[in-house]
Amino acid sequence: MTDADALRRLQEIDLELLRISKEGRELPQRAKIDAAKAARKKVDGELTKIVGQRKDLEIELNDLGHRRRDCERQLDEISASQDGASDYRAAADLEARLTTIAKKLERIDFESDSVTERLITAERAEKNARGLQARLDTETASLAASAKEALLALRDRQEALSRERESLAGSLPPELQLRYIKARKRFGTVAVETLDGNKPSACRVTLQPSQYSDLKRRAQPVDECPYCHRILITDFS
């Protein structure tokens with residue numbers, strides 16, 4: 001491989017390494033994982049509220065149960081005392097107490113039905129939220145595995161290119177290695193260009209006839225662009 005070919009390939013490798021690095025940073029799985037985690041956080045917050053509501057409703061329903069059992073106990077006591085009622089007034093008082101307790105029971109049953117309905121809704125919402133959590137966790141794990149696989153493939157490609165680059169750079173004379181390093185530092189991604197007719201491939205400025213003649217006269221495969229001063233590969237053979 002000539003020095004000119006080595007420089008061209010060296011630049012191809014460096015550009016490919018930059019693309020690999022960018023691809024690794026911009027894996028589509030990363031954005032999807034972030035979105036899934038944000039959704040999970042939102043669901044977690046909603047679930048906390050739902051669980052709190054469900055527990056409050058359970059406490060309320062349990063309290064209504066205690067109140068109902070208390071009313072039923074009072075009914076049993078009144079029923080037992082009816083047998084001992086000696087006069088009309090006592091009987092009327094027991095009847096009034098029975099009516100009051102019956103109304104309480106009616107109110108308790110109404111409230112219990114309402115709370116039970118709300119509790120069923122809360123339990124359903126909690127089940128759905130936990131199901132969504134599980135789906136998001138599964139999705140996140142799948143995306144993470146996919147991202148890991150993609151990163152491993154990129155790393156393998158990066159390591160292979162790095163080994164090739166090291167070999168190529170070592171094959172160049174020290175002065176060309178230094179020129180390439182300086183050109184990369186100055187121009188960034190494109191340090192080497194090829195003469196295409198009378199135009200360098202990177203800066204694309206048409207050479208003056210005298211400039212072209214000078215390059216042709218020197219006929220150096222590795223020269224320098226008279227305009228941008230990148231490394232210029234020429235072929236006048």
Side-chain angles (χ1 to χ4, degrees), residues 1-41 139-237:
M1 180 180 286
T2 66
D3 289 345
D5 290 336
L7 284 168
R8 272 193 293 253
R9 179 56 184 156
L10 192 60
Q11 177 163 272
E12 289 174 0
I13 290 173
D14 284 338
L15 290 173
E16 180 63 18
L17 287 172
L18 285 173
R19 283 192 289 269
I20 288 173
S21 179
K22 182 180 180 182
E23 187 176 344
R25 292 193 306 271
E26 298 177 357
L27 282 177
Q29 294 94 325
R30 292 185 187 275
K32 292 178 180 178
I33 288 172
D34 288 343
K37 286 183 177 179
R40 178 65 152 83
K41 185 176 181 180
E139 180 184 354
T140 301
S142 176
L143 287 167
S146 174
K148 182 179 180 180
E149 183 179 352
L151 286 172
L152 286 173
L154 289 173
R155 187 189 67 183
D156 290 344
R157 177 63 176 157
Q158 186 180 47
E159 290 177 350
L161 287 170
S162 296
R163 288 192 297 269
E164 184 183 354
R165 187 189 191 285
E166 184 179 1
S167 176
L168 278 172
S171 71
L172 290 170
E175 62 272 15
L176 279 184
Q177 292 185 40
L178 184 59
R179 281 182 64 186
Y180 181 75
I181 291 170
K182 287 182 176 179
R184 278 203 72 204
K185 186 176 181 180
R186 179 178 178 184
F187 299 106
T189 56
V190 180
V192 179
E193 56 184 348
T194 302
L195 186 62
D196 182 14
N198 62 347
K199 286 184 179 181
S201 59
C203 67
R204 302 303 296 168
V205 178
T206 302
L207 298 179
Q208 296 295 327
S210 60
Q211 294 170 326
Y212 184 81
S213 296
D214 288 342
L215 289 171
K216 188 173 183 180
R217 177 177 50 79
R218 289 195 299 269
Q220 295 179 353
V222 181
D223 213 312
E224 181 177 295
C225 175
Y227 282 109
C228 68
H229 301 291
R230 286 181 171 89
I231 297 173
L232 181 63
I233 305 301
T234 67
D235 183 7
F236 293 107
S237 58

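Only this structure's heavy atoms are used, side chains among them; waters, hydrogens and symmetry mates stay out.
- In this structure, E166 does not pair ionically with R163, as no charged nitrogen and carboxylate oxygen lie closer than 4.0 Å.
- For the pair Q208 and Y227, the tightest heavy-atom approach, listed with the atom from each and the gap, is CG-OH, 3.6 Å.
- Partners of R179 under the salt bridge (charged side-chain N to carboxylate O under 4.0 Å, His left out) rule, at least two apart in sequence or in another chain, do not exist in this structure.
- Side chain to side chain, R25 and S21 meet the donor-acceptor criterion of an N or O pair below 3.5 Å.
- Within a 6.0 Å sphere centred on CD of Q220, other residues, nucleotides and ligands contribute more than 12 heavy atoms.
- Taking all atoms of both residues into account, the shortest heavy-atom contact from L195 to P200 is CD1-N, 4.0 Å.
- Every ring pair (Phe, Tyr, Trp, His ring centres under 6.0 Å) that Y212 has, sequence neighbours left out, goes to F236.
- Distance check: I20 CD1 to R157 CZ gives 6.0 Å after rounding to the nearest 0.5 Å.
- For the atom pair I231 CD1 and K182 NZ, the distance stands at 11.0 Å (nearest 0.5 Å).
- Taking all atoms of both residues into account, the shortest heavy-atom contact from R230 to A191 is CB-O, 3.5 Å.
- In this structure, CG on L178 lies 9.0 Å from CD on E175, to the nearest 0.5 angstrom.
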Derivation of the salt bridge (Lys or Arg N to Asp or Glu O under 4.0 Å) call for E164 and R9: CA-CA 10 Å; E164 184 183 354; R9 179 56 184 156; 2.8 Å; yes
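- The distance from the CD atom of E16 to the CZ atom of R165 is 13.5 Å, given to the nearest 0.5 Å.
- For the pair R30 (side chain) and G24 (backbone), a donor-acceptor distance under 3.5 Å is present.
- Residues L207 and P226 meet the side-chain proximity criterion, which asks for heavy atoms closer than 4.5 Å.
- Note on D214 versus R217: salt bridge recorded, some NZ/NE/NH1/NH2 to OD/OE distance being below 4.0 Å.
- A donor-acceptor pair under 3.5 Å is absent between the side-chain atoms of Q29 and the main chain of L143, judged by distance alone.
- The minimum heavy-atom distance between L27 and A147, with the atom names listed, is CD1-O, 3.9 Å.
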Side chain to side chain contact (heavy atoms under 4.5 Å, CB included) between L154 and E23, intermediate numbers included: CA-CA 8 Å; L154 289 173; E23 187 176 344; 3.7 Å; yes
Worked check of side chain to side chain contact (heavy atoms under 4.5 Å, CB included) between Q211 and N198: CA-CA 9 Å; Q211 294 170 326; N198 62 347; over 6 Å; no
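- Proximity of P221 to D3: side-chain heavy atoms (C-beta onward) are nowhere separated by under 4.5 Å.
- Closest approach of C225 to E193, counting heavy atoms only: CB-OE2, 3.0 Å.
- A side-chain donor-acceptor contact under 3.5 Å links S171 to the backbone of L168.
- R8 has a carboxylate O that lies under 4.0 Å from a charged side-chain N of D5, or vice versa, which qualifies the two as a salt bridge.
- Here T189 pairs with L15, L18 under the side chain to side chain contact (heavy atoms under 4.5 Å, CB included) rule; sequence neighbours left out.
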Check against side chain to side chain contact (heavy atoms under 4.5 Å, CB included), L215 and L232: CA-CA 10 Å; L215 289 171; L232 181 63; 3.8 Å; yes
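- Taking OG1 of T234 as the reference point, atom CG of D196 lies at 12.5 Å (rounded to 0.5 Å).
- Residues L7 and V192 come closest through the heavy atom pair O-CG2, 4.2 Å.
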Evaluation steps, side chain to side chain contact (heavy atoms under 4.5 Å, CB included), between Y180 and L172: CA-CA 10 Å; Y180 181 75; L172 290 170; 5.6 Å; no
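- Side-chain atoms of S162 come within 3.5 Å of backbone atoms of Q158 as a donor-acceptor pair (strictly under, hydrogens ignored).
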